[in-house]
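Each remark here refers to the structure printed beneath this line.
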Amino acid sequence: MRVFVDCDPGIDDAVALAYLAARPEVEIVGIGAVFGNNAVDVTAQNALRLLDLYGRPDVPVAVGAARPLVQEPKLAGHVHGDNGLGDVELPEPTRTPVPETAAELLVRLVRENPGEIDVLAVGPLTNLALALGLEPRLPELVRRLVVMGGAVEAPGNVSSHAEANISNDPEAAEAVFAAGFETDLIALDITMRTVAPGSWLDRLKEVPGARAQNTSAFLDFYAEFYRGVFGVRQCAMHDPLAAAVLVDPHLVTSAFDAPIRVELTGGLTRGMTVADRRPRPRKDERRPVRVVTGVREDEFLDRMLDSLR
C-alpha cells in the first residue's frame, strides 16, 4: 500500500503517523503539511520530527497552505500545545522540507503512479483543493481518499454543527467532496465514540522505547484536554482511526453511503457536513461518500498499541 498523508501535526496526527510507520507493507510516499492544529511552518517541522521518531526519515515532507482559501485560519494550541505536540520537545529534524509545495508533490506523485496511491487527509482540506486546481483529474489518479473530518449526525466540536478540519476551510472541503474521489469519511460520529481510555493510556506508559514514551507524553497532554469534554481521563482517536480504516478496512463494521455537501453560508451552520439520507430514490450528480459509523474498537486499540512497541 502506498499512502500520501496530508496532515497538520498535531497530537492525533502524530499517532496516525505512528500507526502507518509501523506497518512494513505501507510505503508513505510523501507528507503534505497544512495549517490547522498549528501554523504550517510548525506542522511541517513536526512532520519531519515525527518521521525521525517513528523510523521513516526518508519520507519527503512538503510545506502546504498557510491559510484557508477564503477565511482567516483558526489554530488549536489549547488542544495540542504551543508546539503542536503537547509541549513535548523532540530533537531537531535531520533534514528540511522539499522545495515543492504539498499540492505540487501530491500531483507529481499521482501522475507518476496513477491509480496506485491512497491519500489520507487528516487536516483542513486546503492542500487537496489546491491540488485539484493544478490537476482536475486528481480523483481519477488517486486510488482512494480517506478523510478525517466532519460531523454528520453528531454535534460539532468547534461550533454546534461544524468539526474543526472542515470548519477551518469549508470552501476547500466542499471542493473536495464535489470532485468525485472514492472517499471514506471518518467523522466525529465515530471518532468521538472510539476513545483511548485511561487503562489503555496506562498500558502505553509501560511500553519501553522513545517511540512509545514520547507518544505517551503527547497523549497525556491530549487526555487532559479531553478530560474537560468527557469528564474522565481518556481521549478521542480521530486521526489514528482514519489511518486504521485506510490500512485495515476490515475494522469497519457499519457505514452508509451518501453525497456530502458542506454548508458555506449559514450563520450558525457554516462548515457543517450535510449528508442527504432521504430514503426515497434520488438523482444526484455528486459521487456518494462512505460514512463510517461502526468499527472494531478493541482490535483498533490493540493494533495501535502494537504499532508503538
Q) Of all heavy-atom pairs between Ala66 and Phe35, which one has the smallest distance, and what is that distance? A) O-CB, 3.6 Å
Q) Checking Arg261 against Phe177: charged group under 6.0 Å from the ring centre and within 45 degrees of the axis? A) no
Q: Kindly write out the residues that satisfy ring pair (Phe, Tyr, Trp, His ring centres under 6.0 Å) with Phe218, not counting sequence neighbours, or none if the list is empty.
A: none
Q. Salt bridge between Arg290 and Asp184, side-chain N to carboxylate O under 4.0 Å?
A. yes
(Q) What I'd like to find out is whether the side chain of Leu105 reaches to under 4.5 Å of the side chain of Phe4, using heavy atoms alone. (A) yes
Q. Which value, rounded to the nearest 0.5 Å, describes the distance between Asp12 atom CG and His238 atom NE2?
A. 6.0 Å
Q | N/O donor-acceptor pair under 3.5 Å between Glu135 side chain and Arg137 backbone | A | yes
Q | Distance in Å, Glu297 CD paired with Thr194 OG1, rounded so as to fall on 0.5 Å steps | A | 5.0 Å
Q: Find out whether Arg203 and Asp302 are in side-chain contact, i.e. whether some heavy atom of one side chain is under 4.5 Å from a heavy atom of the other.
A: yes
Q.
On a heavy-atom basis, which atom in Leu48 and which in Pro97 lie closest, and how many Å separate them?
A. CD1-CD, 3.8 Å
(Q) I'd like to know if the side chain of Asn157 and the backbone of Ser159 have a donor-acceptor N/O pair within less than 3.5 Å. (A) no
**Q.** ILVMFWY network linking Leu20 to Leu106, side-chain heavy atoms under 4.5 angstrom
**A.** no
Q.
Tell me whether Val229 shares a hydrophobic cluster with Met148, the cluster being built from Ile, Leu, Val, Met, Phe, Trp, Tyr side chains joined at under 4.5 Å.
A. yes
Q: Could you tell me whether Arg303 and Asp306 make a salt bridge, using a distance below 4.0 angstrom between a side-chain N and a carboxylate O?
A: no
Q: Begin from the C-alpha positions of Asn46 and Asn83 and carry the test side chain to side chain donor-acceptor pair (under 3.5 Å) through to its verdict.
A: CA-CA 8 Å; Asn46 284 348; Asn83 71 349; 5.7 Å; no
Q | Value rounded to 0.5 Å, distance of CG in Leu17 from CG in Leu120 | A | 8.5 Å
**Q.** Within 6.0 Å of CG in Asp82, more than 12 heavy atoms from elsewhere
**A.** no
Q: Using the rule that two of Ile, Leu, Val, Met, Phe, Trp, Tyr join whenever any of their side-chain heavy atoms come within less than 4.5 Å, decide whether Leu241 and Val26 are in one cluster.
A: yes
Q) Does the pair Glu182 and Arg144 meet the rule for a salt bridge (Lys or Arg N to Asp or Glu O under 4.0 Å), with working shown? A) CA-CA 5 Å; Glu182 181 178 341; Arg144 179 181 174 212; 5.4 Å; no
Q: Show the numbers, then the answer: is there a side-chain contact (heavy atoms from CB on, under 4.5 Å) between Arg193 and Val295?
A: CA-CA 10 Å; Arg193 293 189 285 110; Val295 296; over 6 Å; no
Q) Minimum heavy-atom separation for Gly64 to Ala102, with atom names? A) CA-CB, 3.6 Å
Q. Should Arg23 and Tyr19 count as side-chain neighbours, where that means a heavy-atom distance under 4.5 Å?
A. yes
Q. So, does Glu174 use its side chain to make a donor-acceptor pair with the main chain of Glu171 at under 3.5 Å?
A. no
Q) Hey, mind stepping through Thr293 and Ile190 against side-chain contact (heavy atoms from CB on, under 4.5 Å) and telling me if it holds? A) CA-CA 5 Å; Thr293 57; Ile190 185 62; 5.9 Å; no
Q | Lys/Arg N to Asp/Glu carboxylate O, Arg227 vs Glu224, below 4.0 Å | A | yes
Q: State, with a plain yes or no, whether a side-chain heavy atom of Val29 is found less than 4.5 Å away from one of Val3.
A: no
(Q) Could you measure the distance from the OG atom of Ser199 to the CG atom of Leu204? Nearest 0.5 Å is fine. (A) 11.5 Å
Q. Between the main-chain N or O of Glu104 and the side-chain N or O of Thr101, is there a donor-acceptor pair closer than 3.5 Å?
A. yes
(Q) Walk me through whether Arg233 and Asp202 qualify under salt bridge (Lys or Arg N to Asp or Glu O under 4.0 Å). (A) CA-CA 11 Å; Arg233 178 174 167 256; Asp202 290 339; 3.0 Å; yes
Q. Does any N or O in the side chain of Thr126 come within less than 3.5 Å of the main-chain N or O of Ala65, such that one atom is a donor and the other an acceptor?
A. no
Q.
Nearest 0.5 angstrom please: Leu50 CG to Thr215 OG1, how far?
A. 8.0 Å
Q | Val292 side chain reached by Leu185 side chain, heavy atoms, under 4.5 Å | A | no
Q: Check the angle between the aromatic planes of Tyr226 and Tyr222 and answer parallel, tilted or perpendicular using the 30° and 60° thresholds.
A: perpendicular
Q) Taking the side chain from Asp52 and the backbone from Thr94, do they hold a donor-acceptor pair closer than 3.5 Å? A) yes
Q: State the CD-CG distance between Glu163 and Asp189, to the nearest 0.5 angstrom.
A: 10.5 Å
Q. Backbone N or O of Gln71 within a donor-acceptor pair of the Arg67 side chain at under 3.5 Å?
A. yes
Q. Can you tell me if Asp118 uses its side chain to pair, donor with acceptor, with the backbone of Met1 under 3.5 Å?
A. no
Q: Apply the test side-chain contact (heavy atoms from CB on, under 4.5 Å) to residues Leu128 and Leu145: give CA-CA distance (whole Å), side-chain angles for both, the deciding distance (0.1 Å), then the verdict.
A: CA-CA 10 Å; Leu128 267 67; Leu145 170 64; 3.7 Å; yes
Q: I would like to know whether Glu263 and Arg270 meet salt bridge (Lys or Arg N to Asp or Glu O under 4.0 Å); could you show each step before the answer?
A: CA-CA 5 Å; Glu263 175 58 51; Arg270 178 169 162 78; over 6 Å; no
Q. Does any non-hydrogen side-chain atom of Ser167 lie less than 4.5 Å from one of Lys74?
A. yes
Q: Determine whether Asp248 and Leu251 make a side-chain contact, defined as any pair of heavy atoms from C-beta on separated by less than 4.5 Å.
A: yes
Q: Assess whether side-chain contact (heavy atoms from CB on, under 4.5 Å) is satisfied between Asn38 and Asp8, documenting all intermediate values.
A: CA-CA 7 Å; Asn38 212 306; Asp8 58 339; over 6 Å; no
Q: Could you state whether Ile117 and Val34 fall into the same hydrophobic cluster, counting links through intermediate Ile, Leu, Val, Met, Phe, Trp or Tyr residues with side-chain heavy atoms under 4.5 angstrom apart?
A: no
Q.
Whether the side chain of Arg286 engages the backbone of Ile260 through a donor-acceptor N/O pair (distance < 3.5 Å, no angle test) should be reported.
A. yes
**Q.** Min side-chain heavy-atom separation Leu308-Tyr54 under 4.5 Å
**A.** yes
Q.
Tell me whether Arg95 contacts the main-chain N or O of Pro57 through its side chain, where contact means a donor paired with an acceptor under 3.5 Å.
A. yes
